[in-house]
Amino acid sequence: MTRFLLGAPALLALVSCAGAPSQPAAATPASQVAPVVERVLAVPDAPRMTRKEQVRRILPHNVRLQLASQGRVLSTASGVVVGAERDESGAMVAWVVTNAHAVAMDGMEAPELRVMVDRRAESLEHRGEVVAMGQVPDLDLALVRVPGLDLPAVELADDAELELGEDVVVAASPFGRALSLSGGMLSQVEWDKESQRPKMVKTDAPIGYGASGGGIFSLTTGRLLAIVEGYRTAKVDFEVQEENYSFDVPMPGETFAAPSAKVRHFLQAKGFGRLLARKPATEGGLAHAAGR
């Protein structure tokens with residue numbers, strides 16, 4: 001997990017710091033008014049999904065990752081399925097986006113990338129291959145190919161959906177454990193002045209170590225708003241019986257993420273733009289991305 005350390009010791013404190021009268025309308029024949037009223041009454045309000053229903057649609061898009069060397073797990077991370085297609089033999093292949101820093105294998109002997117899917121008490125394990133990486137810290141994204149993994153691909157949110165206050169859920173696997181959820185809202189969107197595209201978002205949803213690469217989803221649409229990159233921490237020092245100890249504490253509201261626009265640009269730049277093709281939603285959840 002990328003962490004931003006503030007100095008030590010640290011003490012955190014939260015501070016909460018009549019229109020113009022309308023003119024009489026001209027008389028309108030009843031024959032012209034009635035059809036309009038009938039159309040309005042005939043269209044019922046579309047029911048909004050409950051939180052639980054939306055979460056059920058979001059969960060199948062998420063996996064956890066283990067980076068191992070010589071049989072020993074060295075680090076863990078999270079990932080989101082952004083593409084699902086069949087290879088030449090007809091077997092399913094999933095494409096997972098995560099953080100580049102989470103799958104960096106420089107200096108490792110016989111590295112192995114495991115992609116895990118948890119289903120209650122059962123964990124299904126697959127092997128992943130990193131096929132594209134961005135340059136950290138400007139583009140902390142990576143794409144992993146996972147043969148044999150059959151999971152639905154998420155739909156990426158449009159820029160217009162990145163609104164402050166949007167209710168979100170973060171799906172990740174902190175500390176290498178099974179999938180975990182945390183809720184909050186979209187608390188900041190930073191826009192690039194030249195491209196007019198979002199370049200960074202922030203949420204107040206709490207996360208932990210190992211949540212790198214996790215997805216931030218809209219609870220309204222179920223679409224992927226961003227990929228978690230890191231969180232800011234405060235280093236706390238204390239002394240017990242003349243022994244000094246220190247640890248890093250995540251700061252509330254300081255979870256940073258790469259917006260969907262950056263994910264979309266990354267896939268296109270690396271030659272995987274076909275994964276962005278939208279298809280009609282399936283019974284199992286959101287639309288699958290398919291190759292051409």
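Side-chain contact of Asp204 with Ser187: a donor-acceptor pair under 3.5 Å is absent, judged by distance alone. Between Thr220 and Glu166, the side chains place a donor N or O and an acceptor N or O closer than 3.5 Å (distance only, hydrogens not considered). For the residue pair Ser212 / Glu229, no side-chain donor-acceptor distance below 3.5 Å is found, with atom types taken as modelled. Side-chain atoms of Arg57 and Gln54 include a donor-acceptor pair closer than 3.5 Å.
In this structure, Ser78 contributes its side chain and Gly210 its backbone to a donor-acceptor pair below 3.5 Å. Judged purely by atom type and a 3.5 angstrom limit, Arg64 has no side-chain atom pairing as donor or acceptor with the backbone of Ala77. Within the 3.5 Å criterion, the main-chain N or O of Gly176 finds no donor-acceptor partner in the side chain of Ser173. At least one donor-acceptor pair closer than 3.5 Å links the side chain of Arg264 to the backbone N or O of Ala157. Panel note: side chain His61, backbone Pro152; a donor-acceptor pair is recorded below 3.5 Å. Checking side-chain atoms of Asp192 against main-chain N and O of Glu194 turns up a donor-acceptor pair under 3.5 Å. When atom types are taken as modelled, the side chain of Ser260 and the backbone of Leu156 share no donor-acceptor pair closer than 3.5 angstrom. In this structure a side-chain-to-backbone donor-acceptor pair under 3.5 Å is missing from Ser180 to Ala172.
For the atom pair CG of Leu59 and CZ of Arg119, the computed distance is 12.0 Å after rounding to the nearest 0.5 Å. Atom OG1 in Thr255 sits 7.0 Å away from atom CD1 in Ile216 (nearest 0.5 Å). Leu139 contributes atom CG, which lies 6.5 Å from atom NE2 of His265 (distance to the nearest 0.5 angstrom). Atoms CD and CE, from Gln188 and Met200 in turn, are 4.5 Å apart once rounded to the nearest 0.5 Å. Between the CD atom of Gln66 and the CZ atom of Arg72 there is a distance of 13.0 Å, given to the nearest 0.5 Å. Atom CG of Leu225 and atom CG of Leu186 lie 6.5 Å apart (nearest 0.5 Å).
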Report task. Starting from the C-alpha separation in whole Å, work towards a yes-or-no answer on side chain to side chain contact (heavy atoms under 4.5 Å, CB included) for Leu164 and Val189. Result -> CA-CA 7 Å; Leu164 296 182; Val189 181; 4.1 Å; yes

Query raised in the report: Yes or no on side chain to side chain contact (heavy atoms under 4.5 Å, CB included) for Leu151 and Val63, after CA distance, side-chain angles and deciding distance?
Result: CA-CA 9 Å; Leu151 288 179; Val63 298; 3.7 Å; yes

Query raised in the report: How far apart are the C-alpha atoms of Glu85 and Leu275, what are their side-chain angles, what is the distance that settles it, and do they pass the side chain to side chain contact (heavy atoms under 4.5 Å, CB included) test?
Result: CA-CA 9 Å; Glu85 60 187 9; Leu275 301 179; 4.1 Å; yes

**Report entry** Verdict with supporting geometry, Asp118 and Arg177, salt bridge (Lys or Arg N to Asp or Glu O under 4.0 Å)
**Finding:** CA-CA 9 Å; Asp118 298 303; Arg177 298 187 178 182; over 6 Å; no

Report task. Check the pair Asp140, Gln135 against side chain to side chain contact (heavy atoms under 4.5 Å, CB included), reporting the backbone distance first and the verdict last. Result -> CA-CA 6 Å; Asp140 191 5; Gln135 189 67 38; over 6 Å; no

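Contact record, Ala171 with Phe217: CB-CE1, 3.9 Å, taken as the closest heavy-atom pair. Nearest heavy atoms, Ala257 versus Ala226: CB-CB, 3.6 Å. A pairwise comparison of heavy atoms in His101 and Val136 identifies N-CG2, 4.1 Å as the closest pair. Counting all heavy atoms, side chain and backbone alike, Pro259 lies closest to Val201 at CB-CG1, 4.0 Å. The heavy-atom pair separating Ile207 from Ser182 by the smallest distance is CG2-OG, 4.4 Å. Minimum heavy-atom separation, Asn99 to Gly213: OD1-N, 3.1 Å.
Between Trp95 and Phe272, the ring planes lie tilted relative to each other; the angle falls in the 30° to 60° range.
When the side chain to side chain donor-acceptor pair (under 3.5 Å) test is applied to Glu109, the partners found at least two apart in sequence or on another chain are Gln70. By the side chain to side chain donor-acceptor pair (under 3.5 Å) test, Lys270 is found to be paired with no residue, residues two or more places apart in sequence or in another chain being considered.
The cluster map of Ile, Leu, Val, Met, Phe, Trp and Tyr, joined by side-chain heavy atoms under 4.5 Å apart, puts Leu276 and Val82 in the same cluster. When the side chains of ILVMFWY residues are joined at heavy-atom separations under 4.5 Å, either directly or via intervening members, Met185 and Val170 end up in two distinct hydrophobic clusters. Linking Ile, Leu, Val, Met, Phe, Trp and Tyr residues whenever their side-chain heavy atoms come within less than 4.5 Å leaves Met49 and Leu224 in two separate clusters. Hydrophobic clustering keeps Val103 apart from Val73 (ILVMFWY residues linked when any side-chain heavy atoms are closer than 4.5 Å, directly or through intermediates). Follow the hydrophobic side-chain contacts under 4.5 Å out from Met116 and you never reach Val80; the two are in separate clusters.
Looking at heavy atoms from C-beta onward, Arg86 lies out of side-chain contact with Val93 at the 4.5 angstrom threshold. Between Met92 and Asp87 the shortest side-chain heavy-atom distance does not fall below 4.5 Å. Between Phe266 and Ile227 there is no side-chain heavy-atom pair separated by less than 4.5 Å. Annotation: side chain of Val55 is in contact with side chain of Leu181 (closest heavy-atom distance under 4.5 Å). Contact check for Leu67 versus Thr76: no side-chain heavy atoms found under the 4.5 Å cut-off.
Ion pairing between Arg51 and Glu53 fails under the 4.0 Å rule for side-chain N and carboxylate O. A salt bridge does not link Lys202 to Glu190: none of the charged side-chain nitrogens sits closer than 4.0 Å to a carboxylate oxygen. For the pair Arg127 and Glu125, the salt-bridge criterion is met [side-chain N within less than 4.0 Å of a carboxylate O].
Around CZ of Arg114, the count of heavy atoms belonging to other residues, nucleotides or ligands within 6.0 Å exceeds 12. Few gaps surround NE2 on His126; more than 12 heavy atoms of other groups in view lie less than 6.0 Å from it.
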